[in-house]
A.B. asks: 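Starting off with a structure, shown below.
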Amino acid sequence: MAMQPWFEDAKLGIFIHWGVYAVDGVQESWSFYDDIVPYDRYMSQLDRFTASRYDPRDWAKLFARAGARYAVLTSRHHDGVALWDTAHGDLNVGRDLIAGYAEALREQGLKVGLYYSHSDWSHPDYASTRKPGRPPELEDNRYSEVAAEDEDLEAWERFLAYRDGQIRELTSRYKPDLMWFDGEWDRSEEQWRIPELAAMIRSEVPDVVFNARMLSEGDYATPEQGAPVLPPEGPWELCLTINDSWGHQRHDHNHKSVDQLIRYFTETIGGGGNLLLSVGPREDGTIPAEQAERLHGLGDWIARHAEAVYGTVRGLPPGHHYGPSTLSKDRRTLYLVLFDAPRAEINVRGLLSKVRGVSVLGSGTELDHRVTGGLHETPGILWIDPPAAPDLDPHATVLAVELEGELELYRGAGRF
């Protein structure tokens, strides 16, 4: 399947971790799996999960204001609690919280993503088998696997039927543009029957995009939390929390600053990826003010520099410029990101293309530039005069370098 062009053009998505775990502010699913919270206490949150102030249109407006082009909602995490009134399985919130979300996103022109965990640590038939090749001496977790001698393949077939039923509901009702899978590590691709699952989904939504946790059927790489030093080849997405938690944990006030989020964002899109930034709504459906404020700040910066964000591709490889960069799709304009106020000239190395002009994005101020050095096939260094204080952005300044032709780079070692 060809990658859908909207995905690589999107640049920013919002990841929404919302579920019963927001009631007590415990870690989603893992808190009972790791015996931090007793299972019964974890599940008691279901009766206290109100969604009483949930307004998906407010969400969608906030996400659009942030500059996002898609969002991904946790329709069912590893705990097995579905956010819609599913006819399959016994765990759900008793009403449909997804339909309004999908409708509101589309009203704002955003693509609809749904997260779904392959694993379900609550389903009675889930812990009926184990991943092939798993050493028998490793301790079994009662929520996810059984000893080899206790495997029940009929139970596993019942689990797959339940999973397929839920996926059919999600795809037929909401027609998601993206399916974001998780929990793939618990079983093998053969056990999950990934090709059959992908075919079933595509029969309902032919142009759907899958993340890499659909294994051989995945369309793009999904690094998590840690920004890659060397960006993956092809399409990719960095999923990142605003604080240290995916879902709402009221004690977690370690929020990243707007400056930090802009750095994550520009470094990600400069490497050809998207940033999927997670928010954790409270159990009533409201997004904490600290997170909304950061989305506003990121969105304001993106709005001022939209030309360097949308309609661009990955920029210069490391070593050419001290900072991220993007490149227009026609490869004739290079956008350089400056995080700090430059104290001296900005330089770009290895640029074979001739420069027509350099300006500050936003103000339009033209900057003088010159090339020094160079020998034979090795180009000289492009030097750009630093912008004056009034032209500097409070978070990150962007310079637009217009080229006479398409970008050409020298990647050699010079003359020895």
Side-chain angles (χ1 to χ4, degrees), residues 12-34 36-37 42-43 45-46 48-51 53-56 58-60 62-63 66 68 70-84 91-93 97-98 100-102 104-105 110 112-122 170 176 178-184 211 213 222-226 237-256 261 264 274-292 294-295:
L12 179 66
I14 305 297
F15 211 175
I16 311 150
H17 279 74
W18 191 38
V20 299
Y21 39 84
V23 175
D24 291 339
V26 297
Q27 187 180 14
E28 57 287 337
S29 305
W30 292 97
S31 53
F32 73 79
Y33 185 88
D34 291 333
I36 298 168
V37 175
Y42 182 96
M43 283 303 168
Q45 297 174 103
L46 182 56
R48 294 175 282 138
F49 181 75
T50 67
R53 299 173 63 191
Y54 171 48
D55 187 339
D58 283 348
W59 283 11
L62 174 62
F63 302 160
Y70 67 106
V72 178
L73 172 65
T74 50
S75 69
R76 181 179 70 64
H77 209 267
H78 318 315
D79 59 12
V81 181
L83 289 189
W84 76 102
L91 277 179
N92 66 84
V93 294
L97 298 177
I98 297 179
Y101 154 82
L105 288 189
L110 276 64
V112 174
L114 294 176
Y115 167 112
Y116 186 90
S117 175
H118 291 292
S119 54
D120 183 338
W121 297 331
S122 292
L170 292 174
L178 185 153
M179 287 292 294
W180 209 103
F181 283 92
D182 198 8
E184 79 294 344
N211 70 330
R213 299 174 197 192
T222 315
E224 181 175 335
Q225 291 287 58
E237 169 194 78
L238 170 64
C239 50
L240 181 77
T241 53
I242 288 184
N243 51 12
D244 293 329
S245 309
W246 295 106
H248 178 63
Q249 297 190 32
R250 62 182 63 89
H251 64 274
D252 185 355
H253 302 293
N254 190 31
H255 293 88
K256 298 172 180 67
L261 293 176
Y264 273 110
N274 291 348
L275 178 63
L276 184 63
L277 187 60
S278 182
V279 298
R282 302 181 185 90
E283 65 83 22
D284 65 4
T286 57
I287 294 174
E290 300 93 334
Q291 298 191 359
R294 283 157 176 79
L295 293 184

A.B. asks: Can you sort out the partners of His118 under ring-ring contact (aromatic ring centres under 6.0 Å, His included), two or more places apart, ordered by chain and number?
C.D. replies: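 If we apply the ring-ring contact (aromatic ring centres under 6.0 Å, His included) test to His118, skipping adjacent residues, the hits are Phe181, Trp192.
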
A.B. asks: Rounded to the nearest 0.5 Å, how far does CD of Glu28 lie from OG1 of Thr74?
C.D. replies: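 Answer for the OG1-CD pair, Thr74 versus Glu28, is 8.5 Å.
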
A.B. asks: With side chain to side chain contact (heavy atoms under 4.5 Å, CB included) as the test, would you mind laying out the steps for Asp244 and Gln249 before giving the verdict?
C.D. replies: CA-CA 9 Å; Asp244 293 329; Gln249 297 190 32; over 6 Å; no

A.B. asks: Flag the pair Leu46 / Val93 as yes when at least one side-chain heavy-atom distance between them is below 4.5 Å, and no otherwise.
C.D. replies: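 A side-chain contact exists here, since the closest heavy-atom pair is under 4.5 Å.
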
A.B. asks: Run the side chain to side chain contact (heavy atoms under 4.5 Å, CB included) test on Val279 and Trp59 for me, step by step, so that the C-alpha distance in whole Å, both residues' side-chain angles and the decisive distance to 0.1 Å come before the verdict.
C.D. replies: CA-CA 10 Å; Val279 298; Trp59 283 11; over 6 Å; no

A.B. asks: Measure the spacing between NE2 of His253 and NE2 of His255 and express it to the nearest 0.5 Å.
C.D. replies: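 Answer for the NE2-NE2 pair, His253 versus His255, is 8.0 Å.
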
A.B. asks: Can you see which heavy atom on Pro281 is nearest to which on Ala22, and at what distance?
C.D. replies: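 The pair with the smallest heavy-atom distance is O-CB, 3.7 Å.
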
A.B. asks: Does Phe49 have its ring centroid less than 6.0 Å away from the ring centroid of Trp18?
C.D. replies: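 Close enough - the centres of the two rings lie under 6.0 Å apart.
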
A.B. asks: Drop me the distance from Glu237's CD to Leu276's CG, to the nearest 0.5 angstrom.
C.D. replies: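 It is 4.0 Å, given to the nearest 0.5 Å.
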
A.B. asks: Measure the acute angle between the ring planes of Tyr115 and Trp180, then classify it against the limits of 30° and 60° as parallel, tilted or perpendicular.
C.D. replies: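 Tyr115 vs Trp180 ring planes: parallel.
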
A.B. asks: Just say parallel, tilted or perpendicular for the rings of His17 and Phe15, cut-offs at 30° and 60°.
C.D. replies: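 It falls in the perpendicular class, over 60°.
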
A.B. asks: For Pro56 and Ala104, work out which heavy atoms get closest and say how close.
C.D. replies: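 Heavy-atom minimum between the residues: O-CB, 3.5 Å.
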
A.B. asks: Between Ile242 and Leu295, does the side chain to side chain contact (heavy atoms under 4.5 Å, CB included) criterion hold? Intermediate values first, please.
C.D. replies: CA-CA 9 Å; Ile242 288 184; Leu295 293 184; 4.2 Å; yes

A.B. asks: Checking side-chain contact (heavy atoms from CB on, under 4.5 Å) between Phe63 and each of Asp58, Leu277, Ile287, which is the one that passes?
C.D. replies: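 The option that passes is Ile287.
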
A.B. asks: Is Tyr33 reaching over with its side chain to a backbone N or O of Trp121, donor-acceptor style, under 3.5 angstrom?
C.D. replies: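 Judged by distance alone, no pair lies under 3.5 Å.
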
A.B. asks: Taking side chain to side chain donor-acceptor pair (under 3.5 Å) as the definition, give me every residue that meets it alongside Asp24, ordered by chain and number, with sequence neighbours left out.
C.D. replies: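 Result, side chain to side chain donor-acceptor pair (under 3.5 Å) vs Asp24: Arg48.
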
A.B. asks: Using modelled atom types and a 3.5 Å cut-off, is there a donor and acceptor pairing between side-chain atoms of Asp252 and backbone atoms of Ser245?
C.D. replies: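 Looks like yes, one N/O pair under 3.5 Å.
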
A.B. asks: For Gly247 and Tyr21, work out which heavy atoms get closest and say how close.
C.D. replies: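 Taking every non-hydrogen atom into account, CA-CE1, 4.1 Å.
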
A.B. asks: Applying the side-chain hydrogen bond (donor to acceptor under 3.5 Å, both in side chains) criterion to His78, which one of Ser122, Ser29, Ser117 satisfies it?
C.D. replies: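 Answer after filtering Ser122, Ser29, Ser117: Ser117.
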
A.B. asks: Could you tell me which non-hydrogen atom of Glu290 sits nearest to which non-hydrogen atom of Arg294, and how far apart they are?
C.D. replies: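 It is O-NH1, 2.9 Å.
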
A.B. asks: How long is the span from the CE atom in Met179 to the CG atom in Leu170, to the nearest 0.5 Å?
C.D. replies: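 Atom-to-atom, Met179:CE and Leu170:CG are 5.5 Å apart.
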
A.B. asks: Locate the shortest heavy-atom distance separating Gln291 from Gly280; write the atom from each residue and the value.
C.D. replies: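 For Gln291 versus Gly280, the nearest heavy atoms are OE1-N, 3.0 Å.
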
A.B. asks: Give a yes or no on whether the backbone of Arg53 and the side-chain of Asp284 come within a donor-acceptor separation of less than 3.5 Å.
C.D. replies: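 Such a contact is absent between Asp284 side chain and Arg53 backbone.
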
A.B. asks: Is the shortest side-chain heavy-atom distance between Ile36 and Val26 below 4.5 Å?
C.D. replies: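 No, every pair of side-chain atoms sits at 4.5 Å or beyond.
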
A.B. asks: So how far is it from His251 NE2 to Asn243 CG, rounded to the nearest 0.5 Å?
C.D. replies: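 The NE2 atom of His251 sits 8.5 Å away from the CG atom of Asn243.
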
A.B. asks: Which pair of non-hydrogen atoms, one from Arg213 and one from Thr222, has the smallest distance, and what is that distance?
C.D. replies: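 That would be NH2-O, 3.3 Å.
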
A.B. asks: Which residue pairs pass the salt bridge (charged side-chain N to carboxylate O under 4.0 Å, His left out) test when at least one of the two sits in residues 75-84, sequence neighbours left out?
C.D. replies: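 Matches after skipping sequence neighbours: Arg76-Asp120.
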
A.B. asks: So how far is it from Leu73 CG to Ile14 CD1, rounded to the nearest 0.5 Å?
C.D. replies: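 So the gap between those two atoms works out to 12.5 Å.
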
A.B. asks: What about the rings of Trp30 and Trp246, do their centers lie closer together than 6.0 Å?
C.D. replies: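 No; Trp246 has its ring centre 6.0 Å or more from that of Trp30.
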
A.B. asks: Go through it in stages, so that I can follow the logic: the residues are Tyr70 and Leu105, the test is side chain to side chain contact (heavy atoms under 4.5 Å, CB included), and I'd like the CA-CA distance, side-chain angles, deciding distance and then a yes or no.
C.D. replies: CA-CA 8 Å; Tyr70 67 106; Leu105 288 189; over 6 Å; no

A.B. asks: Check whether any side-chain heavy atom of Gln225 lies under 4.5 Å from a side-chain heavy atom of Leu240, and answer yes or no.
C.D. replies: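 Yes. Closest side-chain heavy atoms under 4.5 Å.
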
